[in-house]
S.K.: 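Please find one structure pasted underneath; my questions will follow.
Throughout, numbering of the chain's residues begins at 1 and tracks the sequence.
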Amino acid sequence: MLRRCCLGLLAAWVLGLAGCNNSPYPVGAERENTLFYSFDERSPRYLDPTASYSNPESAYTMQVYEPPYGYHYLKRPYQLIPKAAAEVARPHYLDKDGRPLPDDAPGETIAESVYDIPIRPGMRYQPHPAFAVDAQGRHRYHSEHPLSRAELGDKRSPFDFEHLGTREVVAEDFVYALKRHATTRIEAPVFAVFAEYVIGLKDYAGLIKREDARLLAGLPEDLRDKPFLDFRRWPLAGATAPGKHLLRIRLKGKYPQWNYWMALPFTAPLPWEADAFYAQPGMNENGLSLNQWPVGSGPYMMKQFVRDRLHVLVRNPNFRGETYPCEGMPGDREAGLLDDCGKPMPFIDTLYVTIEKEKVARKEKFKQGYFDVPEIERPEWGVDFRTDAEDSDEVAALFRERGFQFPLMTDISNWYLGFNMLDPVVGQGATPEEDERHRKLRQAIAIVVDYEEGYGRIFKHKGGVAAHSPLPPGLFGSREGVGNFHNPVTHKIVDGQVVRRSVDEAKQLLAEAGYPGGRDALTGKPLVLNYDFQRAVTPEFRSENDWMVKQFAKLGIQLEIRATDFNQYQDKTLKGKHQIYWAGWLADYPDTENFMFLLYGPNAKSRNNGENISNYANPEFDALYRQLQLLDDGPEKQAAIDRMVAIVQRDAPWCFGYFPWGGLAFQPWVHNGKPSILIRDMAKYYRVDAATRAARQAEWNAPVRWPMAVVALGLLAAAWGARRSFRARETATARRAATRPTLPT
């Protein structure tokens, strides 16, 4: 018996040693055709393509939805290519009487731009119960057969339904998607921009508001599942489908940037069946909506959504198919970026995305080989790891040994500190005199926030070049880095060099603003301002926030940190409850207008649901912005840009911040990684060598065996001692039995 126990202990030790594995994934997952990476803090708030407009959300929406156009993956400058469309369409122009105009007609003579966009035939949506029909062609789960709550039951995923279906993508689906921007039910962040140009969209929004009110009359205001708002019922003049595979968009005037919007999920096709399916009672309560379960025709589809824990996207079996590009830039071939020329995409079957709240843990898992990329959408990881290598020869040697790839880029993005112009302290004043004092307060702060120090020398892992305008280098119209271009409010020329103005100059402005020494001149109370930071203050962000507090302290201003997660931050800015905030912008398209619209009055966040988080409005700036939209690149456009930059430099709705260096981080077994701000459907281009990953993970995470050997020896020694004790007791018992006297009978 004791021998069997000893053998059992030994067997358990051997099995434990063999199975020692610190992988966070199921056994064998590393050998599957899967891309492993992480997300930060919270699950995306919006995956509905009408509402989604943040960088973390695009990591999902651009894998699921396929807009008409996209960008060539390898070519720079960026080049539009057709995706859901069969070709990139050129507009034709009409005058006010509907007569054709030549392509080079002056912008002011163009009354209407017409885009006829051919849609690829044969594209199909992902499998989804919204498309499931019975033998008579009637929808099984909505419309003709609406679901009861009992039938819905405890279903939490579209894949919990017995029947799935699909159908062809048609031009009407693109029309439906454009109409949805007139909704009153969800956020529509680009409605203000689209309504300026898409003919009839502004009036259409009024119509939808009235019709929606009729639908909701008599229903509880807090009703989560509202009756289906069927946009097919009401035509929109600016978006029609003259043919099954022909989309026609009609715009007011000339708007050269429209084609860029056609490369974003806002214009991707959306099937009415999805809206109808998710509008049924009980759906939202069960977590079933477009915000968790998008319905698209792109390369991937959401298969698993565990809020704030796990998102799994899998290959869409109905994806139309696309081949990897065969052309690129000089150096791409040498970098192996053309090795997969002509091969069908996507290469990877599954995108497995887990939450990782701490940056240190995320970096360690990457170094262990458990993340193929740290995050798929963040453009600063390569810079961060390169900074680690620069700071330590040991780390640099480890990175070289393991073959990590950290390609760098200079791309069109920025980070800035903004002021809410609706705020009574830092925003627009009620009178011209008060407005001037508030402007001087913002200017004083803009001087003392020393980005050359903070993000040039201290926070090098996410640093860049201090900005003097909203426009990153590389865009037409930007003068950043050219000669002695500078922001005259915050900098001046000394001995031919651009230098930041002194703290004393900032203090003088602060005194003129009514806060000498950082105290209210009338009440003597210290000036306390609120900093609405868009992330929870984890250790990685604490030092940055401490640094920002010190910048304000140079003026005697007390800065209170009001940090939230990103979803709460979005709520705060929508309601206009923010005061000073930190934000960044990754370009949607390579045009100056895409940065200037962040300061365009009608695009105000708190008033019109737009992306002007500062709620800044300046009539001259807004007029120039509208002029800018008519102009092709040239001297006239440059002059308009220069004046717009001068206006916002003086008004200081932003401290312009910095233009970040960019770079990604890839494991050696991940192929085709090329950094980009604009290309957000990157996952389909990546290829993973799973066999190499499995081998490297085993090598880099080999178990330390000697502690288990010590434990095993200890167990054996204890077992041996127990055996000796047992034998000794048995022997003693036998001796006593042998010497015991025999009693008489």
S.K.: With respect to Leu510, which candidate in Val448, Leu555, Ile447 satisfies the side chain to side chain contact (heavy atoms under 4.5 Å, CB included) definition?
M.R.: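 That would be Leu555; it is the only one of Val448, Leu555, Ile447 passing the side chain to side chain contact (heavy atoms under 4.5 Å, CB included) with Leu510.
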S.K.: Any Lys/Arg nitrogen of Arg500 or Glu453 sitting under 4.0 Å from an Asp/Glu carboxylate oxygen of the other?
M.R.: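 Looking at Glu453 together with Arg500, the answer is no, because their closest N to O distance does not fall below 4.0 Å.
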S.K.: I would like to know whether Tyr53 and Phe266 meet ring pair (Phe, Tyr, Trp, His ring centres under 6.0 Å); could you show each step before the answer?
M.R.: CA-CA 9 Å; Tyr53 204 8; Phe266 300 119; 4.8 Å; yes
S.K.: Would Lys226 and Asp212 count as a salt bridge (Lys or Arg N to Asp or Glu O under 4.0 Å) here? Give the steps.
M.R.: CA-CA 10 Å; Lys226 297 176 173 60; Asp212 196 23; over 6 Å; no
S.K.: Is Glu636 atom CD crowded by more than 12 heavy atoms from other residues, nucleotides or ligands, each under 6.0 Å away?
M.R.: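 Count not over threshold, so no.
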S.K.: Quick one: closest heavy-atom pair of Tyr78 and Ile677, and the distance?
M.R.: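 Distance-wise, the nearest heavy atoms are OH-N, 3.6 Å.
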S.K.: Salt-bridge test for Asp532 and Lys577: reply yes if a basic N is under 4.0 Å from a carboxylate O, no otherwise.
M.R.: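 Here Asp532 does not pair with Lys577 in a salt bridge, since their nearest N and O are not under 4.0 Å apart.
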S.K.: Would the distance check show the side chain of Arg501 and the main-chain N or O of Pro488 forming a donor-acceptor pair, the cut-off being under 3.5 Å?
M.R.: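 Yes.
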S.K.: How far apart are the C-alpha atoms of Arg378 and Glu356, what are their side-chain angles, what is the distance that settles it, and do they pass the salt bridge (Lys or Arg N to Asp or Glu O under 4.0 Å) test?
M.R.: CA-CA 14 Å; Arg378 297 304 314 179; Glu356 194 62 64; over 6 Å; no
S.K.: How about Arg309: does its CZ atom have over 12 heavy atoms from other parts shown lying under 6.0 Å from it?
M.R.: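 Result for CZ/Arg309: open.
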S.K.: Test your reading of the model: is there a side-chain donor-acceptor pair from Arg680 to the backbone of Glu377, 3.5 Å cut-off?
M.R.: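 Side chain of Arg680 to backbone of Glu377: a pair is present.
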S.K.: I'd like to check the ring pair (Phe, Tyr, Trp, His ring centres under 6.0 Å) partners of Tyr625; sequence neighbours left out, ordered by chain and number.
M.R.: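 Partners of Tyr625 under the ring pair (Phe, Tyr, Trp, His ring centres under 6.0 Å) test: Tyr600.
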S.K.: Using modelled atom types only, decide if a donor and an acceptor are shared between the side chain of Gln649 and the backbone of His468 within a distance under 3.5 Å.
M.R.: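 Looks like yes, one N/O pair under 3.5 Å.
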S.K.: Show me the donor-acceptor pairs within less than 3.5 Å that the side chains of residues 257-265 make with the rest of the protein, sequence neighbours left out.
M.R.:
from: Gln257; atom 1: NE2; to: Asp591; atom 2: OD1; distance (Å): 3.3
from: Asn259; atom 1: ND2; to: Ala89; atom 2: O; distance (Å): 3.3
from: Trp261; atom 1: NE1; to: Tyr255; atom 2: OH; distance (Å): 2.9

S.K.: Does Asp651 form a salt bridge (Lys or Arg N to Asp or Glu O under 4.0 Å) with Arg442? I'd like the steps, not just the answer.
M.R.: CA-CA 8 Å; Asp651 282 351; Arg442 296 192 300 272; 5.4 Å; no
S.K.: Look only at the side chain of Asn615 and the backbone of Lys605, and say whether a donor-acceptor pair between them is shorter than 3.5 Å.
M.R.: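 Judged by distance alone, yes, a pair lies under 3.5 Å.
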S.K.: Classify the angle between the aromatic ring planes of Tyr569 and Tyr581 as parallel (below 30°), tilted (30 to 60°) or perpendicular (above 60°).
M.R.: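 Geometry flag for Tyr581 against Tyr569: tilted rings.
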S.K.: Looking at residues at least two apart in the chain, or sitting in another chain, which of them share a salt bridge (Lys or Arg N to Asp or Glu O under 4.0 Å) with Glu57?
M.R.: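 Glu57: no salt bridge (Lys or Arg N to Asp or Glu O under 4.0 Å) contacts found.
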